[in-house]
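Some notes on the structure that comes next.
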Amino acid sequence: MNTMPTMTIPNFSLSPRIDQVGIEERASRFTKRSIKTAAKIEGLNLVLSMIDLTTLEGKDTAGKVKQLCYKAMHLNDAYEGLPNVAAICVYPTLVKVAKNALKGSGINVAAVATAFPSGQAPKSVKIADTKFAVRQGADEIDMVISRGKFLNGDYNFVFDEIAEIKEACGEAHLKVILETGELNTLDNVRRASDIAMHAGADFIKTSTGKISPAATLPVTLVMLEAIRDYYYKTGKMIGMKPAGGIAKAKLALHYLVMVKETMGDAWMTPAWFRFGASSLANDVLMQLTKQKTGNYQSLNYFSLD
Amino acid sequence: MPTTTKKAKPKEGSHRGSAQSSANRLNVQKTYKLFIGGKFPRTESGRYYTLKSAEGEQLGNICRASRKDFRESVLAARAAFKGWSAKSAFNRSQILYRLAEMLEGRQAQFIDELTMQGSTKVAAQKEVIAAVDRLVYYAGWCDKYQQIFSAVNPVASSHFNFSVLEPTGVVVIVAPEENSLIGLVTTAASAIAGGNTSIILASESKPLCAVSFAEVINTSDVPGGVINILTGKLSELIGHFTTHMDVNSIVYCGDDRAMIKKIKSDSTSNLKRPVFRTAINWLSAEAETPYFISDMQETKTTWHPIGI
Amino acid sequence: MKTKRKAAVKANKTNSSNGSMVDISLKFDEGWSYSPAPESTDHVSIKERYGLFIGGKFVKPALGKYFATINPATEKKISEVANASSADVDKAVKAARKAFGPWSSLPARERGKYVYRISRMMQEKARELAVIESMDGGKAIREARDIDIPLAAAHFFYYAGWADKLDYAFPNKKPTPLGVAGQIIPWNFPLLMAAWKIAPAIAAGNTVVLKSAETTPLTSMKLAEIIQEAGLPDGVVNIITGAGDTGAALVNHPDIDKIAFTGSTGVGKIIQNAIAGTDKKVTLELGGKAANIILDDAPLDQAVEGIINGIYFNQGHVCCAGSRLFVQEDVADTVIRKLKDRMQTLIVGDPLDKNTDIGAINSKEQLATINRYIKIGKNEGADFYQSKCKIPNKGYWCPPTLFLNVSQSHRIAQEEIFGPVLAVQTFRTVDEVIEKANNTPYGLSAGIWTDKGSKIFNITAKLNAGVIWANTYNKFDPTSPFGGYKESGFGREGGLPGLQAYLNLG
């Protein structure tokens with residue numbers, strides 16, 4: 001960060017306002033793009049490579065995580081040339097299991113830390129949670145912001161907490177989950193995005209997946225526009241991760257269209273865009289196989305892990 | 001010395017006649033002037049025409065307004081438009097009502113003038129009373145017509161959409177030739193009730209009470225320029241009325257087909273809205289309608305998204 | 001060492017080198033792009049030749065003359081349509097006159113049901129209509145499919161319901177139909193304009209003769225087929241094709257009671273002049289040069305979308321296009337940057353491709369007009385900017401275009417261009433921008449973008465325009481009156497005022 005030019009921290013109360021209807025109209029325009037043939041295959045491959053294959057259940061076990069890691073590395077052996085997913089996303093206690101299982105694959109391990117999903121824990125506990133995950137080998141930390149404090153208007157608290165977690169991350173990349181489903185308005189989504197980016201987030205992420213609504217096109221668009229403004233202001237690229245509720249290949253392609261037309265080509269890589277999803281991969285695989293064979297597919301032919 | 005002309009000579013027993021106590025007193029004659037921007041100028045052209053009664057008595061020298069007088073009137077009306085159209089409907093309503101109050105108190109003068117111009121006394125009384133009531137009628141509409149004609153439109157998208165009426169702007173009114181008082185009062189009241197400002201050409205053959213009505217306006221609370229009153233010849237002014245590029249609408253209260261054609265045709269200069277009030281019985285309820293207000297209005301529709 | 005993906009490492013480098021702040025810009029023209037996604041045309045039926053739709057039948061024109069209608073995206077002939085002479089116009093007016101008595105005395109509810117039926121059949125054939133609209137006029141299939149055709153059907157549906165409720169429409173009035181309406185429509189929204197004209201007219205009990213535009217006659221002919229199929233009594237709707245002469249014959253026909261015209265201000269004035277000596281009623285929906293005003297507290301990204309939608313919708317062939325952009329000085333750089341980025345993502349090309357944002361310019365003549373204005377703009381010294389998009393070799397095309405540093409005195413800020421050309425000016429205060437926005441002979445529409453409600457009401461009240469979009473732009477609905485102040489015409493289409501245009505209130 002020391003090469004960054006000095007930048008005053010803005011007054012987040014003055015974050016740009018968002019018109020909900022306008023955002024929804026724009027978001028729906030992306031869904032009107034028709035992605036066919038070569039563009040579809042290329043797009044679906046890209047989607048696969050951007051997936052953070054996720055399991056975040058209280059009942060998760062080492063066995064379950066190992067299976068998921070195998071799936072991450074062998075999405076569909078019958079279909080040659082498929083990319084790997086970007087990362088596996090697990091709770092901190094399972095990081096080591098995942099790390100070992102993925103050794104040599106190039107697939108990252110992301111851990112949800114900071115008293116995920118509610119974030120209702122003292123800051124010291126959150127920092128310890130983060131450090132633990134990093135020590136276990138996590139490449140990426142997905143933290144949650146304190147929504148209660150945010151809605152109370154205590155933006156300084158939210159900012160400082162993110163900055164401290166960022167420090168605790170060390171080399172690990174920090175994704176900041178806004179939990180947009182609890183923020184109520186798009187104005188708040190924009191404001192929380194601005195806070196997270198200025199406080200040091202490498203990625204901003206919509207949702208934990210535990211609250212409905214999770215990721216939506218309009219919410220993601222608001223966050224992308226925040227990233228774009230931040231990029232133009234600072235020259236620093238921030239990644240984006242919608243998570244939860246993206247289960248279908250077609251919807252994932254709509255997201256890709258949105259990234260392409262909002263952020264341009266530089267963001268069209270797993271380095272800057274991720275999908276937090278569990279069942280999306282299989283739907284993408286089905287669509288890819290359909291493109292190849294011409295036949296509509298059944299889930300029975302795609303492994304569930 | 002007795003009066004040497006019969007100019008505006010009151011009929012016997014009239015209000016003004018009885019006020020003249022001394023037989024030797026020289027009658028103070030009234031000069032009929034134009035009413036522009038709240039002032040009473042003579043026509044810049046210095047021209048006049050002589051008004052005579054049916055019996056040939058000379059009633060007065062009437063200003064023959066020129067195109068420059070008209071130009072000044074439009075400037076005055078345009079200058080007054082912003083303020084008048086921005087006044088609250090309630091305020092406009094009160095000002096119109098105040099006009100009625102002023103006219104009520106000066107009934108006798110108008111009855112005199114109407115009779116001089118050929119009305120029977122009974123008809124004149126009827127017309128003046130009706131004119132007062134007409135002002136009250138349109139005063140009442142000021143804060144109501146909008147509620148009749150505006151709408152919230154239930155569009156299919158997530159937008160709040162509403163249409164309201166707005167005044168067209170500067171309106172030129174060619175007042176009816178007959179019913180010179182109530183015709184003028186009706187068209188003026190309906191124009192300004194809706195927030196327009198106006199230039200009114202009085203009846204050519206019966207202009208007296210138009211000028212006197214200007215005095216009523218001037219003693220009420222109507223801001224200068226909201227109503228401007230010209231006297232003169234329609235034939236020489238109409239071409240300027242229709243082609244002036246800063247006039248938004250022209251109201252013609254006659255039935256001359258050639259004139260109607262000319263107005264329609266020449267109004268295309270700037271697409272001013274031509275409005276025709278032909279064959280109206282100005283004394284009847286036919287002349288009491290909010291549609292006289294709405295036909296000098298524009299519909300403005302506004303959209304806004306509904307979201308959080 | 002942590003395992004980092006290559007791209008991430010590379011990107012980090014970008015980050016750490018940002019101290020030099022070189023080339024902060026977004027690229028949209030490399031990497032993933034969309035494959036062609038042409039709308040299929042195999043379900044579309046277009047005859048080789050269309051006659052005139054008069055008295056419920058397609059008939060040959062009296063002089064036997066036809067003209068070709070071409071696809072402006074390919075310059076290929078699609079079909080040919082009749083060139084109606086004054087004899088044909090007379091025949092159509094007679095058919096309409098004959099139909100007027102029975103139609104106006106039909107029980108109103110039955111009349112309404114016919115109109116409903118037309119609406120439903122348009123919905124059934126929506127895709128075919130959209131494809132033909134796109135082929136004939138050059139508009140992007142997405143717009144034809146999502147906007148023109150659904151709105152056209154909705155218009156018939158809305159006015160259908162008024163047929164038996166007219167007595168409630170205008171307080172204290174018993175409205176009666178006017179008689180035979182002559183209607184002339186433009187080429188920018190062919191079917192939608194036909195719907196705007198025909199639906200309120202026939203619902204109110206009038207009969208009509210509609211002349212479609214010279215370059216876009218085909219969806220009107222398809223509408224004629226629908227009307228035939230719907231069993232509408234013969235002569236209630238007559239649709240003729242032709243150019244200006246045909247329109248003039250219609251305007252001047254002595255047995256027309258009402259003229260409804262949408263088109264240029266110049267022609268509108270000619271029409272009003274032509275009928276000045278008659279009792280024909282008239283409504284005119286004419287040109288515009290709308291101001292789209294962006295205040296510094298606006299939701300800027302949505303405002304940019306509104307600017308795009310305001311000027312590049314339908315290739316800018318829109319009378320209410322937001323062709324004058326006013327941006328408050330303190331956000332001007334940001335807005336222009338966002339606007340340019342957004343322009344790069346607009347896809348210009350094959351109108352039938354589902355991904356096309358900007359289709360073909362409607363005709364060679366219109367393209368010449370637009371190019372003439374672009375030249376004027378350059379000569380006037382405004383800063384020219386055009387998006388760098390690929391355009392096809394054949395056909396008529398104009399990439400999205402901006403002129404920056406424009407002033408009110410520039411012709412490109414005064415005259416209607418009717419193409420994808422935006423004139424951008426900056427301003428400092430609200431009073432200043434209101435004055436500039438109103439400083440035009442036109443008054444059709446305007447846009448205003450700000451987050452503050454009280455400002456919106458202040459500004460919308462002061463803008464002299466018939467339709468004002470606040471924090472949105474180019475929205476249309478059958479219930480929403482449309483029409484202008486000043487030289488943008490008079491009368492309204494849509495909503496209750498749209499009905500009034502076809503009724504005698506007595």
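These figures come from a predicted structure and were not determined experimentally.
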When rounded to the nearest 0.5 angstrom, what distance separates [atom1] in [X] from [atom2] in [Y]?
{"X": "L46(A)", "Y": "W32(C)", "atom1": "CG", "atom2": "CH2", "value": "7.5 Å"}
{"X": "E261(A)", "Y": "Y34(C)", "atom1": "CD", "atom2": "OH", "value": "3.5 Å"}
{"X": "R142(C)", "Y": "S34(A)", "atom1": "CZ", "atom2": "OG", "value": "12.5 Å"}
{"X": "Q302(C)", "Y": "I18(A)", "atom1": "CD", "atom2": "CD1", "value": "5.0 Å"}
{"X": "T262(A)", "Y": "F28(C)", "atom1": "OG1", "atom2": "CZ", "value": "7.5 Å"}

Please check if atom [atom1] in [X] has more than 12 non-hydrogen atoms from other residues, nucleotides or ligands closer than 6.0 Å.
{"X": "K250(A)", "atom1": "NZ", "result": "no"}
{"X": "D333(C)", "atom1": "CG", "result": "no"}
{"X": "K131(A)", "atom1": "NZ", "result": "no"}
{"X": "E167(A)", "atom1": "CD", "result": "no"}

Exercise. Work out which heavy atom in T234(A) is nearest to a heavy atom in I24(C); give both atom names and the distance.
Key: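 In this case the closest contact between T234(A) and I24(C) is C-CD1, 4.4 Å.
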Exercise. Look at D357(C) together with K32(A) and state whether they make a salt bridge at an N to O cut-off of under 4.0 Å.
Key: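 Judged by the 4.0 Å cut-off on N to carboxylate O distance, D357(C) and K32(A) do not form a salt bridge.
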Self-check item: D341(C) bridged to R228(A) by N-O distance under 4.0 Å
Solution: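 No, this pair does not count.
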Exercise. Would you indicate whether the side-chain heavy atoms of E225(A) and K338(C) approach each other to under 4.5 Å?
Key: no
Quiz item: Hey, does the side chain of K27(C) reach the backbone of G264(A) with a donor-acceptor pair shorter than 3.5 angstrom?
Solution: no
Quiz item: Y232(A) ring centre to R337(C) NZ or CZ under 6.0 Å, with the angle to the axis within 45°?
Solution: yes
Self-check item: R17(A) and K452(C): CA distance, side-chain angles, deciding distance, side chain to side chain contact (heavy atoms under 4.5 Å, CB included) verdict
Solution: CA-CA 10 Å; R17(A) 295 302 192 270; K452(C) 191 167 177 182; over 6 Å; no
Pick whichever of [options] has the most heavy-atom pairs under 4.5 Å with chain A.
{"options": "L300(C), D146(C), T472(C), D353(C)", "value": "D146(C)"}
{"options": "A303(C), S35(C), G31(C)", "value": "S35(C)"}
{"options": "D297(C), I347(C), T356(C)", "value": "I347(C)"}
{"options": "T334(C), I308(C), D301(C)", "value": "D301(C)"}

Self-check item: Region of V222(A) in contact with chain C, defined by heavy-atom distances below 4.5 Å
Solution: neither
Quiz item: For L221(A), is it the side chain, the backbone, both or neither that has a heavy atom under 4.5 Å from a heavy atom of chain C?
Solution: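 Contact with chain C: none, neither part.
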Exercise. Apply side chain to side chain contact (heavy atoms under 4.5 Å, CB included) to Y231(A) and L26(C), showing your working.
Key: CA-CA 10 Å; Y231(A) 170 67; L26(C) 302 178; 3.6 Å; yes
Chain A contact via [X] - which portion, at a heavy-atom distance below 4.5 Å:
{"X": "E305(C)", "value": "side chain"}
{"X": "N355(C)", "value": "both"}
{"X": "N309(C)", "value": "neither"}
{"X": "K475(C)", "value": "side chain"}

Quiz item: Between V21(A), L14(A), D229(A), which shows the greatest number of heavy-atom pairs under 4.5 Å with chain C?
Solution: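 Ranked by heavy-atom pairs under 4.5 Å with chain C, first place is D229(A).
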Quiz item: Using a cut-off of under 4.5 Å for heavy-atom pairs, which of R190(A), R29(A), E42(A), K40(A) has the most such pairs with chain C?
Solution: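 Most heavy-atom pairs under 4.5 Å with chain C: R29(A).
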